[in-house]
Novice: 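The structure is given below, and queries will be raised subsequently.
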Amino acid sequence: MKIFYQISLILFAYLFSPGLALSQKLGALSGQVVDIQGEELPFANISLLDDGTGELISGVVSDDNGNFSLEVNSDTGMAVLNVSTIGFKTYHSEPFKLQKGMNKDFGVIQLEEEATSLDEVEVRSSRPEVIIEADRTVVNIEGTVMAEGSNALEVLGRSPGVYVDGDGNINLNGRSGVIVLLDDRQTYMSATELADFLRAMPADNIKSIEVINNPPAKYDAEGSAGVLNIKLKKNDYNGTNGSIQAGNYYNGRNAPFAGASLNIKRGKWTTNSSLNYSSWVRDIDLNIVRRFQLEEGESVFDQDALLGLGGKSIYFTGGADYQINDKHTVGVNLQASDYNGYNNGNSLTDITSPENNDINHLRALNDADNDNRRFFGNFHYIGNLDTLGTKLSADIDYTTVDGGSISLLTNDYWLNDDFDAGTMDRILTDNKMNYNIFTAKTDFTKPLSEKTKLEAGLKGSWVESDNVLVISRSEEEGPFEPDPNSNHFIYNENVLAAYTSVKAPLSEKLDFQAGLRLEYSDITGNSITLNEINKQEYLNLFPTAYLQHKISDKYQITYNINRRITRPNYRLLNPFVFYVDPLTTEQGNPNLKPQYANNFEMSHVIKGAYQFTLAYSKTTNAFGQVMSQDDETRKTMLQVQNFDKSEDFGLRMMIPVELAEWYSTSNMVQLSYKTYQSQLGDDFLDVSQFSYNARTQHNITLPKGFKVELVGMYISPFLEGQLEAKGFGWVDAGITKTFKDDKFAVTVNGNDLFRTAGFRGKVNFGDINTDVKQYNSQQSIRLTLRWKFSRGENFKVSNRSGSTEERNRLD
């Protein structure tokens, strides 16, 4: 710990040393070009004009950070400086006397967006859906049919390499351990909470999604599979703008939704707010066949279940930014949500015995309610310290989550057809959870030359969770008695981190970026009930490196390599025992270790649109759900455990095709060869399989405000630890009609049109022989009505990045 603080002090002393400040060139006009948000505007045209004649004296283009330096070599009397770039109003300076060898610092020049520029982009059919950058792929969502009629979770699942399963779990390039950010800010939710939250968010609020397979050192090392960054739309008018939308989702049952947003800018204040109500429903048809090998022969459990899930949520988000002056801005962001859900299940299991022809029956009725209340607050500061691009930002976040669930599982047992002679028992489960998270971070950026930049930062996070699980049982209608599997678990986690990275050119065609992140973790898990304390303490280094080789203007190759970590969800470390049914339990694992992934990618980008990527990932202590069973009691237990090793070799291809001005397609193919090796109990898992998935999206712009979108997806058979899954696919489609200059819109979306998205898989490992079939009522139709309003000039709101790690592990 002492070493960590010494490193931090040395790093800060180095960063803020005045010896690193760069002096400006003699005889030059200098400054930095940014937008109203404070983001740098590269490649802006800087023109020095004669004030009398308007003739051009000299000119330059701003660099990658928006900085410019224009040498003065003549005396021409009075002159003006013009700054212009596409989509922004031209800046005209006040006239000034031009003298040879003079120095003049224009400071930070802010350009306002043109009021008509957004409308032009909105209707441009050739606008690329996918933009490929050196370290990420940006998927434009704004203006698509699916965005206007879908929720955030659905459009996230349509991004390159992203797959969202029926339970809302998010995978990237076939790997779990994905971190989801919202405007560069961590969502701080469990997988279940995140899925519910994204279902409640209208996709029409999203501008783009950034798919970052191998994040640089600036991002938390958490998330071995990479980062998905959801960029929300920004306020676009100096004055007031907003939208109202409402609709209904139907998949056999109705689920209405509605939402409104309001954004206001007055002087130095910029505020934004939104309030959304969402409901969702899902019926799961489930069949599980389990085979047990007994001394007398085989016993078969054939279980058919119909599960009804759903929930209602209200979500508020708001923020305010105050621009102290041209260099300094402060602000706050708030999020609050209230979710109430239910999980009702009805299953019937037929149990055969090798000793006779009798059939035992088990009917399990589950009635569960759950709730979750969450509050997130962020305070941030942004400082543009000079015209060279030196920037300092700071964030303080606080999150509190209070929730829980209560369920009653009623089980009836009878032999053959004699239901009246059967028996009954009940299991009552009360699960209360509370989390408090405090994080603080600071990031510093300093240009060392025109093309060389240094970044560094510090972060600390402090997490405390308290989980009380109370289980009681009763026989027949008798009183409930305490169950020994009840548990009280307190978890504390402290993580301190520091990073630094440098980006610099090696030659005219080679750019290099390298970073190093150091993280110290101190973790304590305390089972009050069992009187057991589990402590973990470790110090890790996470290097990253990028090399971009520009072969020509139309062809470049990017190499990147990094090391990442995925810490266990807090809930998984709790040694709880949760009853799925009387014969199936889920159990926590206090000995679960973090998983580490070493990743390498080589991407070929042609014409800035076609991408071919070779990837390799090796993960140690990989997380995986392990199924084990007791043949004597014929009970099954599920637990997340560490696999010894997992490797993944992959090839991704992104091929956009514009067939006409009104018809464009985006196509993605991913090939993968995955292996798992691990000792699981008395058996050794050593499996491998080649798999692939393909996605095609078609966007058609028709006359009179009609747009059509069609998406097809196929996932081949694949492996996930013990599980062998069969292939499946689906087709989605949507159409929208806009009215009154796009102020009003009606959208109809259909999902899984041919009801082909059902899941089938099996576990055939050791003494386990289990088949699973499941369909999650994806086939559905959604109607959405939207109205946009605005009044005022065009402007843009700043967005801030908060802390980036903890809440995603609140499951």
Side-chain angles (χ1 to χ4, degrees), residues 122-123 125 127 129 139-159 164 166 198-207 209 233 242-261 274 276-283 310 312-313 662-666 695-713 729-757 775-789:
E122 191 85 20
V123 301
S125 61
R127 178 171 58 97
E129 182 205 358
V139 183
N140 289 318
I141 303 298
E142 188 173 11
T144 65
V145 176
M146 292 298 183
E148 294 181 12
S150 300
N151 60 53
L153 186 65
E154 290 172 328
V155 298
L156 195 67
R158 299 188 183 106
S159 301
V164 180
L198 294 177
R199 288 190 188 101
M201 178 190 295
D204 188 53
N205 291 350
I206 299 175
K207 179 178 182 180
I209 296 174
K233 291 181 180 178
S243 66
I244 298 174
Q245 71 167 9
N248 187 70
Y249 172 89
Y250 180 77
N251 62 352
R253 289 189 288 160
N254 291 300
F257 56 89
S261 64
S274 67
N276 289 287
Y277 165 81
S278 175
S279 60
W280 68 280
V281 290
R282 184 172 60 178
D283 290 324
K312 300 177 181 179
S313 64
W662 51 273
Y663 188 179
S664 63
T665 72
S666 174
R695 172 184 175 272
T696 181
Q697 178 170 334
H698 300 256
N699 296 83
I700 302 172
T701 302
L702 301 175
K704 298 183 179 180
F706 283 96
K707 294 180 183 179
V708 177
E709 191 162 305
L710 183 70
V711 177
M713 182 80 180
W730 63 90
V731 175
D732 300 337
I735 184 169
T736 189
K737 172 70 170 76
T738 57
F739 307 88
K740 299 289 185 180
D741 298 325
D742 197 34
K743 291 183 178 180
F744 297 90
V746 178
T747 302
V748 178
N749 280 334
N751 294 332
D752 192 18
L753 300 182
F754 306 105
R755 197 180 171 85
T756 54
Y775 186 74
N776 288 352
S777 65
Q778 288 99 320
Q779 190 176 52
S780 59
I781 187 170
R782 179 187 286 106
L783 172 67
T784 305
L785 307 176
R786 172 179 55 81
W787 172 51
K788 293 182 178 179
F789 58 89

Novice: Quiz question: by atom type and distance under 3.5 Å, do the side chains of Ser274 and Ser261 form a donor-acceptor pair?
Specialist: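 Short answer, no.
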Novice: Output yes when a side-chain donor or acceptor of Lys707 lies under 3.5 Å from a complementary backbone atom of Gly734, and no otherwise.
Specialist: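 Flag not set: sc Lys707 to bb Gly734 has no pair under 3.5 Å.
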Novice: Sequence neighbours excluded, which residues qualify as side chain to side chain contact (heavy atoms under 4.5 Å, CB included) partners of Ser279?
Specialist: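 By the side chain to side chain contact (heavy atoms under 4.5 Å, CB included) rule, Ser279 matches Ala255, Pro256, Tyr277, Lys312.
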Novice: Measure the CD-NZ distance between Gln245 and Lys788 for me, rounded to the nearest 0.5 Å.
Specialist: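 So the CD of Gln245 and the NZ of Lys788 are separated by 10.0 Å.
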Novice: To the nearest 0.5 angstrom, please state how far the CD1 atom of Ile700 sits from the CZ atom of Phe706.
Specialist: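 These two atoms lie 13.5 Å from each other.
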Novice: Please give me the minimum heavy-atom distance between Asp752 and Tyr775, naming the atom from each residue.
Specialist: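 What the structure gives for the nearest pair is OD2-OH, 2.6 Å.
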Novice: Run the side chain to side chain contact (heavy atoms under 4.5 Å, CB included) check on Asp732 and Asn749 step by step: do they pass?
Specialist: CA-CA 8 Å; Asp732 300 337; Asn749 280 334; over 6 Å; no
Novice: side-chain hydrogen bond (donor to acceptor under 3.5 Å, both in side chains) with Arg253: which residues, sequence neighbours excluded?
Specialist: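 If we apply the side-chain hydrogen bond (donor to acceptor under 3.5 Å, both in side chains) test to Arg253, skipping adjacent residues, the hits are Asp283, Tyr342.
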Novice: Examine distances only and state if a side-chain atom of Thr756 and a backbone atom of Gly729 form a donor-acceptor pair shorter than 3.5 Å.
Specialist: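 At least one qualifying donor-acceptor pair exists.
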Novice: Within the structure provided, determine whether Trp730 and Asn751 are in side-chain contact (heavy-atom separation under 4.5 Å).
Specialist: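 SC-SC contact between Trp730 and Asn751 ruled out.
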Novice: Restricting to side chain to side chain contact (heavy atoms under 4.5 Å, CB included), what partner residues turn up for Tyr250, sequence neighbours left out?
Specialist: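 Checked Tyr250 against side chain to side chain contact (heavy atoms under 4.5 Å, CB included); matches are Asn248, Asn254, Ile781.
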Novice: Any chance you could measure Trp662, atom CH2, to Thr701, atom OG1, to the nearest 0.5 Å?
Specialist: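 If I round to the nearest 0.5 Å, the distance is 9.5 Å.
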Novice: Could you check whether Ser278 and Ser313, counting side-chain N and O atoms only, form a donor-acceptor pair closer than 3.5 Å?
Specialist: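 Ser278 and Ser313 do not have a side-chain donor-acceptor pair below 3.5 Å.
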Novice: What's the spacing between Trp787 CH2 and Ser243 OG if we round to 0.5 Å?
Specialist: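 Reported to 0.5 Å precision, the distance equals 10.0 Å.
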Novice: On a heavy-atom basis, which atom in Ala745 and which in Thr738 lie closest, and how many Å separate them?
Specialist: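 Scanning both residues, the minimum pair turns out to be CB-CG2, 4.0 Å.
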Novice: With sequence neighbours left out, what residues match Thr696 under side-chain hydrogen bond (donor to acceptor under 3.5 Å, both in side chains)?
Specialist: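 Listed in chain order: Asn667, His698.
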Novice: Nearest 0.5 Å please: distance from the NZ atom of Lys743 over to the CZ atom of Arg786.
Specialist: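 With rounding to 0.5 Å, NZ (Lys743) is 12.5 Å from CZ (Arg786).
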Novice: Where is the tightest heavy-atom contact between Gly259 and Asn276, given as atom of each residue plus distance?
Specialist: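 Nearest pair, atom of Gly259 first, then Asn276: CA-OD1, 3.3 Å.
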Novice: If you round to the nearest 0.5 Å, how far is OG of Ser780 from CZ of Arg755?
Specialist: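 Output value for this atom pair is 11.0 Å.
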Novice: Taking all heavy atoms of Gln779 and all of Asn251, pick out the closest pair and write down the distance.
Specialist: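 In terms of heavy atoms, the two residues are closest at O-CB, 3.5 Å.
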Novice: Compare every heavy atom of Leu783 with every heavy atom of Phe257, then report the nearest pair and how far apart it is.
Specialist: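 Taking Phe257 first and Leu783 second, the nearest heavy atoms are CZ-O, 3.9 Å.
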